[in-house]
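Take a look at the structure below.
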Amino acid sequence: QSVLTQPPSVSGAPGQRVTISCSGSSSNIGNNAVNWYQQLPGEAPKLLIYYDDLLPSGISARFSGSKSGTSASLAIRDLLSEDEADYYCSAWDDSLNGVLFGGGTKLTVL
Amino acid sequence: QVQLQESGPGLVKPSQTLSLTCTVSGGPITRGSYYWTWIRQPAGKGLEWIGRIYASGGTNYNPSLKSRVTISRDTSKNQFSLKLTSETAADTAVYYCARGNTLVNAHYFDSWGQGILVTVSS
């Protein structure tokens, strides 16, 4: 059902910067804010970014979010091995009248 | 700090009804600024929003599941529940309950339960 499109996987070496994209449409990203979640192996998702670029309390400033038009991006700088996880974008969809998630992106730290 | 905990059977027979409960601690589910949500994740797959119940008791559901879903609450126990009828193997997933929050046009989930695996099998 995902109409928020993410790359299935990205990778980077420790210390590098990686970005994960999330592409949508005017009924979701184009008209509503984007949120990002991190899901470590075997754990529940955790809120990473909300309202496009805001960090919840306790989240490292190595994570940042941005949005332009109907696309959004999550950037992770100074990559650590502990960042290896699945990352999901989400947004409200006006047509669905509900929350959509992207298909998820698996980040591998080389 | 709010905490959420899912409970319910881990195994459901095909065509039967799945019933799960989420117990919330650390704040009342009737607090007006939040809503309470169910989300599921089949093994190795992504997240799917099932629906939500507002602090007022109103609900809205994912259209793809709407005909089979009911989310309700018991304010005396500070719990909310999910019922999903006519179960099939496609409903096998980890089910999460979560607290929803809204900021302008951002709808996000800031606290999650640990999840409960539900398998649909005879």
Working for side chain to side chain contact (heavy atoms under 4.5 Å, CB included), residues B:Tyr108 and A:Leu47: CA-CA 8 Å; B:Tyr108 56 95; A:Leu47 180 66; 3.6 Å; yes
Can you hop from B:Tyr95 to B:Val120 via hydrophobic side chains spaced under 4.5 Å? no
Backbone N or O of A:Gly98 within a donor-acceptor pair of the B:Asn60 side chain at under 3.5 Å? no
Same cluster or not: B:Ile39 versus B:Tyr34, using hydrophobic residues (I, L, V, M, F, W, Y) connected whenever any side-chain heavy atoms lie under 4.5 Å apart? no
We want to know whether B:Gln41 and A:Gln39 form a side-chain donor-acceptor pair, criterion being a heavy-atom distance below 3.5 angstrom. yes
Report the distance from atom CG of A:Asp93 to atom CH2 of B:Trp49, rounding to the nearest 0.5 Å. 10.5 Å
Please examine the side chains of A:Pro45 and B:Leu47, heavy atoms only from C-beta on, and report whether any two atoms are closer than 4.5 Å. yes
Give the minimum heavy-atom separation between B:Ala106 and A:Ala33, together with the two atoms involved. CB-CB, 3.5 Å
Starting from the C-alpha separation in whole Å, work towards a yes-or-no answer on side chain to side chain contact (heavy atoms under 4.5 Å, CB included) for A:Trp92 and B:Thr102. CA-CA 10 Å; A:Trp92 184 265; B:Thr102 305; over 6 Å; no
Check whether any side-chain N or O of A:Tyr37 sits under 3.5 Å from a backbone N or O of B:Phe109 as a donor-acceptor pair, and report yes or no. yes
Are B:Leu65 and A:Val3 grouped together when hydrophobic residues (ILVMFWY) are joined by side-chain heavy atoms under 4.5 angstrom apart? no
Checking heavy atoms, do the side chain of A:Tyr51, its backbone, both or neither come under 4.5 Å from chain B? both
Give a yes or no on whether B:Trp36 and A:Tyr50 share a hydrophobic cluster (residues Ile, Leu, Val, Met, Phe, Trp, Tyr; joining criterion: side-chain heavy atoms under 4.5 Å apart). no
Which residue out of A:Val34, A:Val99, A:Asp52, A:Asn35 racks up the most heavy-atom pairs below 4.5 Å with chain B? A:Val99
Which heavy-atom pair separates A:Ala44 from B:Tyr96 by the least distance, and what is that distance? CB-CE2, 3.5 Å
Portion of A:Asn31 that has a non-hydrogen atom of chain B nearer than 4.5 angstrom: backbone
Over 12 foreign heavy atoms within 6.0 Å of CZ, A:Arg62: yes
Among the clusters formed by ILVMFWY side chains lying less than 4.5 Å apart, do B:Ile116 and B:Val69 turn up in the same one? yes
